[in-house]
Novice: 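Following this message is one structure expressed as structure tokens.
Below, each value reflects all heavy atoms present in this structure, side chains not excepted, and no hydrogens, waters or symmetry copies. Reminder, nothing fancy here: chain letters follow the sequence lines and each chain counts from 1. As the structure is a computational prediction, the values presented were derived from the model and not from experiment.
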Number of protein chains: 2
Amino acid sequence: MLRLSKMADYGTQVMTYMARDLAVHSASEVSAGLGIAAPTVSKILKMLVRKNLVDSVMGAKGGYMLARDPAAISIAEIIDAMDGPISITECSGTTTCERESTCSTRSNWQGINHIIQNALEKVNLAEMISPKPQVMDMSALRSRGILI
Amino acid sequence: MLRLSKMADYGTQVMTYMARDLAVHSASEVSAGLGIAAPTVSKILKMLVRKNLVDSVMGAKGGYMLARDPAAISIAEIIDAMDGPISITECSGTTTCERESTCSTRSNWQGINHIIQNALEKVNLAEMISPKPQVMDMSALRSRGILI
DNA sequence: CATAACTAGGACTAGTTTAGTCCAAGTTAG
DNA sequence: CTAACTTGGACTAAACTAGTCCTAGTTATG
């Protein structure tokens with residue numbers, strides 16, 4: 001449950017790959033480096049460009065590079081770029097369902113959404129590539145204010 | 001992104017409906033009460049029974065009822081019953097990917113998973129049906145230890 | 001004990017979404 | 001001017017999801 005789409009998964013893989021070396025990478029290089037089909041990587045990079053997470057350099061010797069410092073790019077942004085807004089249930093947007101008045105459940109979902117969104121915003125790319133996992137153990141999470 | 005499946009959404013709707021009145025409800029009654037197609041509700045209730053979130057009473061005048069106190073049923077359990085284990089990325093289980101050794105990303109995902117799982121476990125059915133949203137505002141979340 | 005009102009379980013279908021491919025056009029280095 | 005790139009979008013195939021339907025089993029009630 002709570003599946004992250006494969007695209008979002010690939011998206012973070014691509015981003016972490018690029019975070020490890022801030023130079024310009026061609027789509028085919030990234031593809032080879034990650035073992036993901038070239039057209040797919042290409043597609044993902046285009047999406048990331050559109051969301052300003054990645055800058056593109058056209059022409060020969062061109063390619064893609066991170067638009068910002070890895071520490072300034074959150075996981076939430078990446079997922080959002082690939083899958084659209086982080087929202088866990090349908091009735092979160094403008095769509096007003098008929099039984100809205102009686103639906104006390106709704107605002108609770110929104111609270112849950114906030115929690116998750118918050119958690120994902122607190123993890124950035126720089127942390128994802130740190131060789132020794134720092135985010136993993138719970139005490140570290142707590143000290144960083146992600147968890148209770 | 002981070003979409004909750006419609007089934008999981010329905011699942012929580014059904015559960016909150018039943019939490020409001022702990023008596024036995026037939027599938028058709030729940031269907032009418034929620035405005036969800038009867039076969040679908042029926043299917044959902046069966047899934048919930050299998051996961052021991054709901055008890056069934058067979059025969060005439062039979063139906064379904066919550067297996068436990070609403071306060072003892074977390075949202076995480078419900079979502080899990082409908083969609084399977086809460087996991088945000090593919091390589092969370094037993095499947096070992098080839099580049100596991102170099103994959104420092106993986107453990108970070110697991111940390112994120114923990115955060116989300118944790119958040120969903122802390123919200124229970126009883127809270128979902130409370131008329132005035134208590135979980136919604138962030139300060140309340142903090143005081144309850146869900147958020148920083 | 002017969003019937004009506006239920007649940008149990010699973011097979012099945014239609015629809016939507018997702019992943020992935022491909023092609024034509026525009027840009028730039030050399 | 002050519003080779004190596006990106007851009008954008010159209011397109012296809014496969015997977016998944018939601019939803020339907022059918023048969024069998026269980027129990028209350030008259």
Novice: Let me know, please, whether A/Lys43 or B/Ser56 comes out on the 5' side of the other along DNA chain C by nearest nucleotide.
Specialist: B/Ser56
Novice: Give every donor-acceptor pair under 3.5 Å between a side-chain atom in residues 25-40 of chain A and any protein atom, sequence neighbours left out.
Specialist:
from, atom 1, to, atom 2, distance (Å)
A/His25, ND1, A/Glu29, OE1, 3.2
A/His25, ND1, A/Glu29, OE2, 2.8
A/His25, NE2, A/Asp21, O, 2.7
A/His25, NE2, A/Ala23, O, 3.3
A/Ser26, OG, A/Ser28, OG, 3.1
A/Ser26, OG, A/Glu29, N, 3.1
A/Glu29, OE2, A/Tyr17, OH, 2.9
A/Ser31, OG, A/Ile36, O, 2.8
A/Ser31, OG, A/Ala38, N, 3.4

Novice: Please state how far atom CD1 in A/Ile36 lies from atom C1' in C/dT18, giving the value in whole angstrom units.
Specialist: 15 Å
Novice: Whole Å only: how far is the CE atom of A/Met65 from the P atom of D/dC5?
Specialist: 16 Å
Novice: Round to the nearest Å and state the distance from A/Leu34 atom CG to C/dA19 atom C1'.
Specialist: 17 Å
Novice: Under 4.0 Å between a side-chain N/O of A/Thr40 and OP1 or OP2 of C/dT21, yes or no?
Specialist: yes
Novice: Rounding to an integer number of Å, can you tell me how far A/Asp55 CG sits from C/dT28 C1'?
Specialist: 17 Å
Novice: Which parts of residues 22-32 of chain A get close to DNA chain D, meaning a heavy atom less than 4.0 angstrom away?
Specialist: A/Ser26, A/Ala27
Novice: So does A/Lys122 pair up with A/Glu127, basic N to acidic O under 4.0 Å?
Specialist: no
Novice: Let me have a per-nucleotide readout for nucleotides 25-30 of chain D, 5' to 3', with B, S or -, counting only protein heavy atoms under 4.0 Å.
Specialist: -BBS--
Novice: Taking the minimum atom-to-atom distance to the side chain of A/Lys46, which one of D/dG9, D/dG19, C/dA8 wins?
Specialist: D/dG9
Novice: Could you tell me how far apart B/Asp83 (CG) and D/dA18 (C1') are, to the nearest whole angstrom?
Specialist: 12 Å
Novice: Round to a whole Å and report the spacing from CG of B/Leu48 to C1' of C/dG9.
Specialist: 15 Å
Novice: Can you work out whether A/Ser42 or B/Pro39 has the more 5'-proximal nearest nucleotide on DNA chain D?
Specialist: A/Ser42
Novice: Could you tell me the separation between the CE atom of B/Met18 and the CG atom of B/Leu48, rounded to the nearest 0.5 Å?
Specialist: 8.5 Å
Novice: Identify which nucleotide among D/dA18, C/dG9, D/dT6 has an atom closest to any side-chain atom of B/Lys6, counting heavy atoms from C-beta outward.
Specialist: D/dA18
Novice: Can you tell me how far CD1 of B/Ile73 sits from CG of B/Leu53, rounded to the nearest 0.5 angstrom?
Specialist: 5.5 Å
Novice: Is any side-chain nitrogen or oxygen of B/Tyr10 closer than 4.0 Å to OP1 or OP2 of D/dG19?
Specialist: yes
Novice: A/Met82 has an atom CE; how far is it from atom P of C/dT18, in whole Å?
Specialist: 12 Å
Novice: Could you tell me the separation between the CD1 atom of A/Ile79 and the CD atom of A/Glu121, rounded to the nearest 0.5 Å?
Specialist: 10.5 Å
Novice: Can you tell me the distance, in whole Å, between the CE atom of B/Met47 and the P atom of C/dG9?
Specialist: 13 Å
Novice: Any side-chain heavy atom of A/Met65 within less than 4.5 Å of one from A/Leu22?
Specialist: no
Novice: Under a 4.5 Å cut-off applied to non-hydrogen side-chain atoms, are B/Glu77 and B/Lys51 in contact?
Specialist: no
Novice: Rounded to the nearest 0.5 Å, how far apart are CG of B/Asn52 and CZ of B/Arg68?
Specialist: 7.5 Å
Novice: Please report the interatomic distance CZ(A/Arg20) to CG(A/Leu125), rounded to the nearest 0.5 Å.
Specialist: 10.0 Å
